[in-house]
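Starting off with a structure, shown below.
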Number of protein chains: 2
Amino acid sequence: MNDLEKKLRDAGLRPTKQRLLISHYLFSGPQMHVTADSLYSELIDRDINISLATIYNVLNVFTSHGLLREISIDPSRSYFDTNIKRHYHYYFEKTGKLEDISIEELKISPMPEKKNGFDVNCVDVVIRVDG
Amino acid sequence: MNDLEKKLRDAGLRPTKQRLLISHYLFSGPQMHVTADSLYSELIDRDINISLATIYNVLNVFTSHGLLREISIDPSRSYFDTNIKRHYHYYFEKTGKLEDISIEELKISPMPEKKNGFDVNCVDVVIRVDG
DNA sequence: CAACTAGTTTAGAATAGTTCTAAAATAAAC
DNA sequence: GTTTATTTTAGAACTATTCTAAACTAGTTG
Ligand SMILES: [Mn+2]
Ligand SMILES: [Mn+2]
Ligand SMILES: [Zn+2]
Ligand SMILES: [Zn+2]
C-alpha cells in the first residue's frame, strides 16, 4: 500500500483509480491551489481523462474529509488548496493566482476563538493585489 | 437636490428613479450587507418593483463607483456591503449573516502595502463561525 | 417648450460553474 | 466468485449572473 493509498484510506476514502490519479497530481509535488477547471485541464494535458463530474466529486469529498481546503476568493469559482495548515493568501486579481502567507509572516490579534458562543471554524485572510 | 441624489451625482451616476429607491433602502438607515436576492426581496416586500436585472446593474455600478463594496464569502453568491470603510467580517455559516469587525478590534501586522511591486487593493478578513 | 442623444431599465434569453440523475463500473466484504 | 455498497460517468438540470435589444428616461441644446 503506497503513500497515496494510505492517505486516502486514513481519510476514510476508497482509493479508486481516479482518486489516486488526482491525488498523485495534487499531493506528490509542491503544494498548490486549483480550481475544478484548472485541475481538469492539467489532467487532460497529462492524458489523464477523468470526467468533470468526478473532478467535482473528488474535490468536494477531499474537502469534506480534510485533505483539501476550499477558499472563497472569487464569487465565480471555487479554489481548493492542498495546504491545509492554517495560513493566509495573496490573490493576484489579474492572473487569478494565489500565493501563501504563513501565520508567522502575518499576525492577527487577538486571534478570535469564539463569537456569540459559536466556535470559530476558520479565519480567512485574502490580500488582493493588482498583478 | 436631496442627500441621496447628491450622493449619486457625486459618484458620477444619474439619479434615476430605481437608483434612488435602492439608495434609499441601502443608505438611509444603518449599514447593511445584502445579496442581489435579499435586496430584491426586501424591495418587493416594500412594494418597490424593480427588475432583478436592474438590481444586478445597480449593485455592480454602485460597487464600481465606490458606493458599495463587494465581499467574497460564499462561492454561490455575492454579498455587497454599504460600509465602505476598511473593516472585517464575521460570517455566520448557517444563517448567511455578516457582522462587521472594526480595524480597532482586530489588528493585522504588518499591514501589507505592496506585493511584488503591485499595490494592495484590499485586505479581506473573514472569521467563519458555526452559528 | 420640442427635439435630440446618451444612458438606463427591462423581460427574457444566454452563459457558466456546479450539482443532480440514473445507469454502468468497480472496490470491498463475504 | 458472488454480493453489496460505493464510485464514476454522460448528460440533464440548476441557478446566480450577465447579455441582448427594445422601450424608456434624464439631461442637453436651441
Ligand atoms: Mn463546494
Ligand atoms: Mn460582480
Ligand atoms: Zn494556500
Ligand atoms: Zn461589513
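Since the model is a prediction, treat every value here as computed from it, not as a measurement. Order of the sequence lines sets the chain letters (A, B, ...), proteins ahead of strands, with each chain counted from 1.
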A:Asp100, CG: over 12 other non-hydrogen atoms inside 6.0 angstrom: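 Yes, the 6.0 Å shell around CG holds more than 12 heavy atoms from other groups.
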Any A:Tyr56 side-chain nitrogen or oxygen under 4.0 Å from OP1 or OP2 of C:dT19: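 For C:dT19, neither OP1 nor OP2 has a side-chain N or O of A:Tyr56 closer than 4.0 Å.
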A:Ser51 side chain near D:dT9 phosphate (N/O to OP1/OP2, under 4.0 Å):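 Yes.
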For B:Ser23 against B:Leu8, the heavy-atom pair lying closest together: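 Closest heavy-atom pair between B:Ser23 and B:Leu8: OG-CD2, 3.7 Å.
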Test item: B:Ser41 side-chain N/O and B:Asp37 main-chain N/O as donor-acceptor pair under 3.5 Å: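 Yes; at least one donor-acceptor contact below 3.5 Å.
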Distance in angstrom units between B:Tyr40 OH and D:dT15 P, rounded: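 The answer, rounded to whole Å, is 16 Å.
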Whole-Å gap separating C1' (D:dT17) and CZ (B:Phe80): 10 Å
A:Leu52 CG - C:dG17 P separation (whole Å):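 The distance from CG of A:Leu52 to P of C:dG17 comes to 9 Å, rounded to the nearest Å.
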Non-hydrogen atoms of B:Tyr91 and B:Val126 that approach each other most closely: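 Reported closest heavy-atom pair: CB-CG1, 3.8 Å.
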Under-4.0 Å side-chain N/O to phosphate OP1/OP2 contact, A:Asn60 with C:dT18: no
Distance-only donor-acceptor check, side chains A:His89 and A:Asp81, under 3.5 Å: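 A:Asp81 and A:His89 do have a side-chain donor-acceptor pair below 3.5 Å.
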Per-nucleotide protein contact string for nucleotides 19-24 of chain D, where B marks a base within reach and S marks sugar-phosphate only (heavy atoms under 4.0 Å, - for neither): B-----
Using nucleotides 22-30 of chain C, report all nitrogen or oxygen pairs with the protein that are shorter than 3.5 Å.
residue: C:dA28; atom: OP1; partner: A:Arg9; partner atom: NH1; Å: 2.8
residue: C:dA28; atom: OP1; partner: A:Arg9; partner atom: NH2; Å: 3.2

Value in whole Å for how far the C1' atom of C:dA16 lies from CD1 of A:Ile55: 17 Å
A:His65 side chain to A:Val61 backbone, donor-acceptor under 3.5 Å: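 Flag set: sc A:His65 to bb A:Val61 pair under 3.5 Å.
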Under 4.5 Å side-chain linkage, directly or through intermediates, the cluster mates of A:Ile84: none
Pair A:Ser78-A:Glu70, side-chain donor/acceptor within less than 3.5 Å: yes
Interatomic distance where CG belongs to B:Leu8 and P belongs to C:dT9 [whole Å]: 10 Å
B:His87 and B:His33 aromatic ring geometry - parallel, tilted or perpendicular at 30°/60° bounds: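 B:His33 vs B:His87 ring planes: tilted.
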Gap between atoms CD1 and C1', on A:Ile22 and D:dT8 respectively (whole Å):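 Distance check: A:Ile22 CD1 to D:dT8 C1' gives 11 Å.
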A:Arg77 CZ - D:dT18 C1' separation (whole Å): 16 Å
C:dA16 OP1/OP2 closer than 4.0 Å to side-chain N/O of A:Ser76: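 Answer no for this pair, as no side-chain N or O of A:Ser76 is under 4.0 Å from OP1 or OP2.
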Most 5' of B:Pro75 and B:Val58 on DNA chain C, judged by nearest nucleotide: B:Val58
Short side-chain N/O contact from B:Gln18 to OP1 or OP2 of C:dT10, under 4.0 Å: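 Yes, because at least one side-chain N or O of B:Gln18 sits under 4.0 Å from OP1 or OP2 of C:dT10.
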Atom pair distance, as rounded to whole Å: CG in B:Leu59 and C1' in D:dA16: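 Taking CG of B:Leu59 and C1' of D:dA16, I get 13 Å after rounding.
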